[in-house]
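Step one of this worksheet: look at the structure below.
First listed ligand is number 1; within each ligand, the first listed atom is number 1. The structure displayed is predicted, hence computed values, not measured ones.
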Amino acid sequence: MSNNHVTIFDTTLRDGEQSPGASMTADDKVRIAKILEEMRVDVIEAGFPAASPGDFAAVEAVAGEVKSSIICGLARAIRADIDQAGAALKHAVRGRIHTFIATSPLHMRYKLQMEPYKVYEIAIESVKRARNLIDDVEWSAEDATRSDPDFLCQCVEGAIAAGARTINIPDTVGYTIPEEHNALIKMLFNRVPNIDKAVISVHCHNDLGLAVANSLSAVQAGARQVECTINGLGERAGNAALEEIVMALATRRDRMPFTTGVNSEMIARASQTVSAITGFAVQPNKAIVGANAFAHESGIHQDGMLKHRGTYEIMSPASVGVKTSNLVLGKHSGRAAFKSKLAEMGYALGENAVEDAFTRFKALADRKREIHDGDIASLIDDSAGEGRIKLSALEITCGTRITQPVAEVELEIEGVKRTARAIGDGPVDAAFNAIKDLTTRTQHLRSYQVQAVTGGTDAQARAAVRLEENGRSVTGHGTDVDTLVASAKAYVDALNRLTLRRRAARAAAAE
Ligand code: KIV
Ligand code: ZN
């Protein structure tokens with residue numbers, strides 16, 4: 001590999017999943033991981049196997065399905081964590097254990113309550129234990145950017161000597177600034193004697209909106225792995241966005257002569273799938289993947305674009321997989337046109353999945369005249385409708401002449417149809433209240449969002465509902481031409497996901 005190659009380490013399935021409400025099932029993770037693999041992401045951090053049996057199963061499932069990317073499992077510097085990570089990666093073609101411990105005075109003193117010498121000892125021991133299980137070990141100095149430089153150098157040197165092939169320098173709290181981060185990486189190259197035996201990685205959080213800038217400045221100082229997430233998902237304000245790192249390196253090769261192996265044309269699809277699965281909408285003006293990223297509104301800009309696209313576009317929409325010619329399907333489109341659309345959008349589905357999607361497409365085409373790419377993506381990505389509870393009917397009375405909206409909901413619960421009527425502060429509230437009357441009331445609504453899948457007043461609505469129960473949080477999704485139906489479907493989907501989580505927790509407790 002050339003010395004200018006930057007390894008792209010995607011942590012959407014681990015740090016991204018740590019965004020409140022972004023929890024994913026093993027199936028969700030496998031779907032995203034397959035896209036990342038096809039996109040040629042070098043390393044996929046699939047989860048934290050010791051965190052829960054569900055996370056263990058998800059890492060194991062991803063490791064079993066993905067063949068070309070390295071699959072990584074996170075582990076604290078604790079024996080049981082490292083062993084669990086090793087076990088979850090047993091069937092990986094190429095597996096990596098990523099173990100970490102905090103090295104900053106604040107974390108060592110208050111969180112770990114350990115003296116630095118002890119932290120050093122544990123760090124070395126954890127790397128050695130991981131190396132006994134697998135060849136590819138990454139070690140992270142959590143809160144590295146607020147660590148004492150001498151202690152950080154000592155730990156990095158020790159971790160490399162103990163067998164770590166990758167050393168990650170996280171800006172855990174998104175505190176650093178580009179110039180400082182560049183100097184920190186250079187300092188490590190100047191002072192750690194065995195630094196050439198490892199790849200230096202960075203993992204920047206976005207608390208000050210500097211995650212991408214900090215990552216790129218570290219690359220300029222010699223880092224050759226960047227940890228990032230699709231859509232910038234991640235703990236608190238998120239991580240550096242993969243799409244921004246990849247496209248900044250591709251677009252400004254004149255100033256940053258580095259390459260990645262990522263097929264950037266799959267970025268839009270990865271972004272849409274992650275957004276659909278997590279229920280985290282992408283802000284319209286988000287760099288690279290926002291709906292407006294390639295929209296030119298003002299007359300002056302449009303005039304410039306017609307004369308030469310380079311006037312206002314520094315990269316082409318096609319280079320990130322955004323189609324400008326959005327071939328529209330409709331009620332008369334047949335199976336062949338539908339299949340060719342799926343292929344054009346990059347979906348490789350089996351025959352049964354195509355048939356299911358085609359049936360849903362026909363049902364949608366009966367209700368919506370033009371079916372756009374976004375509608376097709378939601379047909380494929382929306383898993384709502386599966387599970388023990390199904391929404392079979394919804395009727396809502398609301399409007400300016402009605403004092404309080406009333407919703408009548410019919411649910412099919414394990415094959416039995418039941419109906420309830422409820423009032424609410426608004427039509428969505430009334431529908432949710434009726435669903436609650438038919439199910440349990442132990443869950444709490446933590447967030448509710450709706451977005452239009454495409455433009456126009458006939459656009460489908462995609463709703464996301466986050467529910468929490470006993471500290472477990474799930475996000476359900478629903479899509480429909482009717483916003484209220486989409487919302488009710490999302491609530492039901494969240495209930496189904498809670499049931500799965502409850503069952504998984506019970507099964508784990510019984511083991
Ligand atoms: O932000 C962080 O420090 C992390 C580590 C576990 C790498 O996510
Ligand atoms: Zn992190």
Side-chain angles (χ1 to χ4, degrees), residues 7-20 22-23 42-52 55 59 70-78 81-82 84-85 88 96-108 110-112 119 122-123 126-127 130 136-147 151-152 155-156 159 164-176 181 184-185 188 198-212 214-215 218 223 225-242 244-245 278 280:
T7 295
I8 297 295
F9 176 118
D10 179 278
T11 182
T12 308
L13 306 182
R14 198 279 296 170
D15 215 316
E17 198 194 22
Q18 286 172 219
S19 317
S23 71
D42 303 281
V43 187
I44 300 172
E45 188 164 50
F48 187 176
S52 70
D55 226 8
V59 175
I70 295 172
I71 302 303
C72 178
L74 185 71
R76 288 167 298 181
I78 295 175
D81 271 35
I82 295 168
Q84 292 259 58
R96 173 181 294 186
I97 296 180
H98 175 191
T99 182
F100 71 99
I101 191 163
T103 52
S104 68
L106 205 64
H107 278 236
M108 290 191 289
Y110 294 103
K111 189 181 79 174
L112 300 174
V119 168
I122 292 176
S126 62
V127 172
D136 188 350
V137 172
E138 170 169 337
W139 179 75
S140 280
E142 192 190 5
D143 206 17
T145 52
R146 294 191 300 169
S147 299
F151 184 58
L152 185 63
C155 289
V156 168
R165 285 186 180 171
T166 303
I167 296 291
N168 185 37
I169 306 298
D171 183 29
T172 303
V173 289
Y175 178 71
T176 198
H181 207 35
L184 176 66
I185 302 299
L188 291 171
V199 172
I200 298 305
S201 164
V202 285
H203 172 113
C204 298
H205 278 271
N206 206 27
D207 301 65
L208 292 173
L210 292 171
V212 170
N214 287 333
S215 306
Q225 174 176 288
V226 174
E227 303 197 354
C228 44
T229 56
I230 300 288
N231 298 340
L233 223 59
E235 187 89 43
R236 304 182 311 280
N239 290 69
L242 178 147
E244 295 177 25
I245 299 284
T278 57
F280 278 53

**Message:** Any heavy-atom pair between the side chains of Ile8 and Cys228 that's under 4.5 Å?
**Reply:** yes

**Prompt:** Ignoring waters, how many protein N/O/S atoms are under 2.8 Å from the Zn ion (ligand 2)?
**Reply:** 3

**Message:** Quick check: do Val173 and Asp143 have side-chain heavy atoms less than 4.5 Å from each other?
**Reply:** yes

**Asked** Any side-chain heavy atom of Leu152 within less than 4.5 Å of one from Leu184?
**Response** yes

**Request:** Using a 4.5 Å cut-off on heavy atoms from C-beta on, say whether the side chain of Asp207 contacts that of Arg236.
**Result:** yes

**Gln18 near ligand 1 by a heavy-atom separation under 4.0 Å** = no

**Fill in**
Of all protein heavy atoms, the one nearest atom 4 (C) of ligand 1 is His203 NE2, 3.5 Å

**Message:** More than 12 heavy atoms of other residues, nucleotides or ligands under 6.0 Å from OH of Tyr175: yes or no?
**Reply:** no

**Residue portion contacting ligand 1 (non-hydrogen atoms closer than 4.0 Å) for His98** = side chain

**Request:** Using the side chain to side chain contact (heavy atoms under 4.5 Å, CB included) rule, take Phe151 and Val119 through it: C-alpha gap first, then chi angles, then the decisive distance, then the call.
**Result:** CA-CA 10 Å; Phe151 184 58; Val119 168; 4.2 Å; yes

**Prompt:** Side chains of Thr145 and Thr176: is there a donor and an acceptor less than 3.5 Å apart?
**Reply:** no

**Request:** Taking only heavy atoms of Asp15 into account, list the atoms of ligand 1 that are under 4.0 Å away from them.
**Result:** 8 (O)

**Request:** Would you check if His203 and His98 make a side-chain contact, meaning some heavy-atom pair closer than 4.5 Å?
**Result:** no

**Item:** Atoms in ligand 1 with a heavy atom of Glu142 nearer than 4.0 Å
**Value:** 3 (O)

**Request:** Would you mind listing which atoms of ligand 1 come within a distance below 4.0 Å of any non-hydrogen atom of His205?
**Result:** 1 (O)

**Request:** Could you tell me whether Thr172 approaches ligand 1 through its side chain, its backbone, both or neither, with non-hydrogen atoms closer than 4.0 Å?
**Result:** both

**Request:** Please work out whether any backbone atom (N, CA, C, O) or any side-chain heavy atom from C-beta onward of Arg14 is under 4.0 Å from ligand 1, and answer side chain, backbone, both or neither.
**Result:** side chain

**Asked** Mind checking whether Ile101 and Trp139 have side chains closer than 4.5 Å, heavy atoms only?
**Response** yes

**Item:** Test of proximity, Ser140 against ligand 1: N or O pairs below 3.5 Å
**Value:** no

**Asked** Side chains of Glu235 and Thr172: does their closest heavy-atom pair fall under 4.5 Å?
**Response** no

